[in-house]
2 protein chains.
Amino acid sequence: MKHAERLKGTLDLLLLSVLTEGSAHGYALLIRLREHSAGTFDLPEGTVYPALHRLERQGLLASQWSVVDGRRRRSYDVTPAGRQALQMETAAWHDFSGGVLSVLGRRDR
Amino acid sequence: MKHAERLKGTLDLLLLSVLTEGSAHGYALLIRLREHSAGTFDLPEGTVYPALHRLERQGLLASQWSVVDGRRRRSYDVTPAGRQALQMETAAWHDFSGGVLSVLGRRDR
DNA sequence: CATTAGGCCTAGCAGTACTATGCGTCCACT
DNA sequence: AGTGGACGCATAGTACTGCTAGGCCTAATG
């Protein structure tokens with residue numbers, strides 16, 4: 001992943017955001033992210049699953065097992081706390097991003 | 001620092017960018033960053049100095065000691081390699097940032 | 001039968017920002 | 001004279017987090 005280090009602290013936001021489009025399992029999220037970002041975020045599974053577990057442990061997600069076509073699946077949903085966290089994280093991102101731009105912007109002027 | 005984890009992978013870009021405005025020492029950079037970002041980036045010294053050492057080790061910065069008002073100072077300059085890295089990092093940031101926005105943007109529509 | 005895609009998981013590694021602390025100078029105020 | 005604060009550099013240790021590499025299983029496709 002090219003944005004390896006940059007992703008830290010933003011992955012949770014991305015996952016929460018993508019998951020509000022509708023409950024899904026880990027592998028599907030990974031695909032959604034890749035498509036919605038036009039390939040910018042092509043995350044390996046070893047990144048996504050631990051992140052989901054972390055978010056569930058924090059109470060931002062809830063999961064439940066199911067079996068589809070003979071395969072075990074774990075579906076995730078965003079909890080109310082998760083939605084709240086998403087709002088705060090989104091605001092924080094805009095703040096951060098704006099900060100970066102205002103620093104970078106000085107060079108172009 | 002509120003953006004602790006988010007900063008990872010972006011700090012180098014910020015430092016390089018701020019340093020192209022003119023050579024400066026570590027403490028001054030820390031102040032420049034705080035002012036240029038309107039307080040968004042209020043970095044502790046323990047963050048800035050190791051980062052500068054890292055950048056110098058990578059050949060993106062060059063430093064030289066001086067003494068001003070009886071105080072030792074280490075002034076940094078961006079090397080040609082540093083300027084090149086800055087360009088690439090800036091492009092990568094825009095790519096990354098664009099990716100985040102296109103993922104987040106889906107919720108608003 | 002072998003491969004690919006779907007689907008889950010974990011241990012260990014690596015990178016990096018922060019905390020805490022230390023050292024030293026200079027200046028302003030009491 | 002003494003105290004505090006700003007200036008200025010530095011490092012050890014910690015914590016967090018994403019990635020690599022590997023493993024396990026089923027179903028569909030060549």
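These figures come from a predicted structure and were not determined experimentally.
- When distances are taken from the side chain of Tyr49(B) to each of dT20(D), dG8(D), dG15(C), the shortest belongs to dG8(D).
- With hydrogens and angles ignored, a donor-acceptor pair under 3.5 angstrom links the side chain of Lys8(B) to the base of dC16(D).
- Relative ring orientation between Trp93(A) and Phe96(B) is described as perpendicular, the plane-to-plane angle rising above 60° on a 0-90° scale split at 30° and 60°.
- For Gln64(B) and Ser75(B), the side-chain atoms include no donor-acceptor pair closer than 3.5 Å.
- Rounded to a whole Å, the CD atom of Glu45(B) is 13 Å from the C1' atom of dG24(C).
- For the pairing with Thr90(B), the side chain to side chain contact (heavy atoms under 4.5 Å, CB included) check across Gln87(B), His94(B), Met88(B) returns one residue only, His94(B).
- Rounded to a whole Å, the CZ atom of Arg74(B) is 20 Å from the P atom of dC23(C).
- When rounded to the nearest whole Å, the span between CZ of Arg72(B) and C1' of dC26(C) equals 15 Å.
- Evaluated for a side chain to side chain contact (heavy atoms under 4.5 Å, CB included) with Arg74(A), the options Trp65(A), Tyr27(A), Tyr49(A) yield exactly one hit, Trp65(A).
- For the segment residues 16-27 of chain B, residues with any heavy atom less than 4.0 angstrom from an atom of DNA chain D are, sorted by number, His25(B), Gly26(B), Tyr27(B).
- The CZ atom of Arg54(A) sits 16 Å away from the P atom of dA15(D) (whole-angstrom rounding).
- Between Pro50(B) and Arg71(B), the residue whose closest nucleotide on DNA chain C is further toward the 5' end is Pro50(B).
- At the heavy-atom level, Gly46(A) lies under 4.0 Å from base atoms of the strands shown.
- Counting heavy-atom neighbours within 6.0 Å of Glu21(A) CD, excluding the residue itself, gives a total above 12.
- For the pair Leu52(B) CG and dC9(D) C1', the interatomic distance rounds to 11 Å; values are reported in whole Å.
- Between Arg73(B) and the phosphate of dT25(C), there is no side-chain N or O to OP1/OP2 separation shorter than 4.0 Å.
- The pair Lys8(B)-Glu5(B) counts as a salt bridge, with a side-chain nitrogen and a carboxylate oxygen less than 4.0 angstrom apart.
- Hydrophobic clustering places Leu43(A) together with Ile31(A) (ILVMFWY residues linked when any side-chain heavy atoms are closer than 4.5 Å, directly or through intermediates).
- Arg32(A) has its CZ atom 16 Å from the C1' atom of dG7(C), to the nearest Å.
- Protein atom OH of Tyr76(B) is 9 Å distant from nucleotide atom C1' of dC9(D), rounded to whole Å.
- Counting to the nearest Å, the P atom of dC16(D) and the NE2 atom of His53(A) are 19 Å from each other.
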